[in-house]
Undergrad: 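One structure, pasted below without further comment.
Both counts, for ligands and for their atoms, begin at 1 and track the order of listing. Atom set for the values below is all heavy atoms of this structure, side chains included, hydrogens, waters and symmetry mates excluded. Because the structure is predicted, anything quoted here is derived from the model rather than measured.
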Amino acid sequence: MNILVTGGAGFIGSHTLVELYKAGHTAVVVDNLSNSNPTALRRVAEIIGVAEIPFYKTDIRDREGLERVFAEHKLDACIHFAGLKAVGESVEKPWEYYENNIGGTLTLVDVMRRHGCKNIIFSSSATVYGDPVEIPITEMCPKGQCTNPYGWTKSMLEQVLMDIQKADREWNVVLLRYFNPVGAHPSGRIGENPNGIPNNLMPYITQVAVGKRKELGVFGNDYPTPDGTGVRDYIHVVDLAAAHVAALKRFLKPENGEYGTATEPSAANIHSTSNPHLSIYNIGTGHGYSVLDMVKAFVRVNAVDVPYSIKPRRAGDIATCYCNPAKAKAELGWEARYDIDDMVRDSWNWQKNNPEGYPEV
Ligand code: NAD
Ligand code: UD1
């Protein structure tokens, strides 16, 4: 398939491009580069051995820009990563988050349908479960109260896409709820390149290890978890990328293997939706690791020091969050292959080879 990848220059998008090409697909990237660097796309091209990947420096809120992309390419589906994702910033700038993430997606989806491209995979998040009512979390677990505007944009966009699919059955919508992506491509050429002080655990650990920050603050050691620190379902970004390739199956016509509108319900439809045109998957490993588990694995595997001290809990954090990924395995044939040692090794490999991230352009 020829896939429109919005946000393709970003962390998850760049890794997904590699997996798409490896699986024989091609892509067209739209990104406004607000949180990314075009070097990532050059390095993706280098990894997959193509001269370049078609790229438009375009904002998904720019209708005319998107029209041009669709006029110049025949696109079968969209993997929609573009969005702002900093939780703290979203609390400070809610309007900007709603306008960018929701406004952008509404424009994107409208241009897609005008061009008859009605297959979309949307980057959602475990954050939509709020404080989950069950652990491990299945897709049947009800959505909860988000603690910040970023989370609400994900929750609301899920609803928007579900309503659009309900009204027009030609749409095929896949909502992927990512757990905690970490790691980097094993080549060390592409990885996570956060702006400023990292919000998330793994980039903070790698920046301490490389000497950019003095110590890691561990946010709370009095949670009801085995060692008192927060437990999460960390997933290697290459596994996450592969889940998107697997999810493209939802756009295949079962009878002849051509893409288009699926017509048959899936055979093994566990934990949820009976609508074959709308599917929701948890994308995690199903294992929960604590903050200290991650620090210890990082130190053990990479033989580097990561000084840390215990700090107060961070507002909005929950104790434990990990999923049951059985539905993705049953319906997409996808499961995570990389373990915690691979995650910490590849995160470090990226950071030590690129201490300042991508070069300024
Ligand atoms: P990222 O910031 O690295 O990538 C997002 C990309 O979208 C960036 O390249 C940015 O420049 C681009 N972008 C933002 N707004 C845009 C706009 N209006 N028009 C065009 N491009 C725009 O983030 P990521 O970690 O790769 O995340 C990708 C997606 O997955 C996001 O939607 C994010 O919310 C979601 N997600 C991420 C995580 C995570 O921990 N990384 C977890 C759950 C969900
Ligand atoms: C965070 C976001 C969530 C988003 C997800 C994407 C919050 C409240 N939630 O989830 O909306 O979808 O990222 O990956 O920000 N930790 C430390 N020290 C640090 C950083 C983190 O101890 O410097 C701890 C946290 O308390 C948590 C764990 O590490 O227990 C993971 O934190 P993080 O990487 O920020 O992810 P989440 O909080 O799970």
Undergrad: Taking distance alone, with N or O pairs closer than 3.5 Å, would you say D31 contacts ligand 1?
TA: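 In this structure, D31 places an N or O atom under 3.5 Å from an N or O of ligand 1.
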
Undergrad: Would you mind telling me if ligand 2 is within reach of the side chain of N199, the backbone, both or neither, using heavy atoms under 4.0 Å?
TA: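 For N199, the contact with ligand 2 is made by both the backbone and the side chain.
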
Undergrad: For atom 19 (N) of ligand 1, which protein heavy atom lies nearest, and how many Å away is it?
TA: I60 N, 3.0 Å

Undergrad: Considering heavy atoms of the protein only, find what lies nearest to atom 26 (O) of ligand 1 and give residue, atom and distance to 0.1 Å.
TA: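 Atom 26 (O) of ligand 1 sits closest to the protein heavy atom I12 N, 2.8 Å.
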
Undergrad: Are any of the heavy atoms in G151 under 4.0 Å away from ligand 2?
TA: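 G151 does not count as a contact of ligand 2 under the 4.0 Å cut-off.
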
Undergrad: Please enumerate all residues that pass ring-ring contact (aromatic ring centres under 6.0 Å, His included) together with F298, with sequence neighbours excluded.
TA: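 In terms of ring-ring contact (aromatic ring centres under 6.0 Å, His included), with neighbours along the sequence ignored, F298 is linked to W348.
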
Undergrad: At what distance is the nearest protein heavy atom to atom 4 (C) of ligand 2, and which residue and atom is it?
TA: Y150 CE2, 4.1 Å

Undergrad: Among protein heavy atoms, which sits nearest to atom 29 (O) of ligand 2, and what does the distance come to when rounded to 0.1 Å?
TA: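 Here the closest protein heavy atom is V291 CG2, 3.5 Å.
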
Undergrad: Would you indicate which of Y204, F219, Y223, Y234 comes nearest to atom 28 (C) of ligand 2 when only heavy atoms are counted?
TA: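 Result: the heavy atom closest to atom 28 (C) of ligand 2 is in Y234.
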
Undergrad: Holding to salt bridge (Lys or Arg N to Asp or Glu O under 4.0 Å), I want the full list of residues that pass it with K143, two or more places apart in sequence or in another chain.
TA: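 For K143, the residues satisfying salt bridge (Lys or Arg N to Asp or Glu O under 4.0 Å) (neighbours in sequence not counted) are E158.
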
Undergrad: Within the structure, does F179 bring an N/O atom to less than 3.5 angstrom of an N/O atom in ligand 2?
TA: no

Undergrad: Would you mind telling me if ligand 2 is within reach of the side chain of L201, the backbone, both or neither, using heavy atoms under 4.0 Å?
TA: both

Undergrad: Out of N200, N148, T147, who is nearest to atom 1 (C) of ligand 2 when you count heavy atoms only?
TA: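 Shortest heavy-atom distance from atom 1 (C) of ligand 2: N200.
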
Undergrad: Should the pair Y178 and H244 be assigned to parallel (<30°), tilted (30 to 60°) or perpendicular (>60°) ring geometry?
TA: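 Aromatic pair Y178/H244 classed perpendicular.
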
Undergrad: Number the atoms of ligand 2 from 1 as they appear, then name those within less than 4.0 Å of a heavy atom of D317, with their elements.
TA: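 Once the distances to D317 are compared, the set is 8 (C), 25 (C), 26 (O), 38 (O).
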
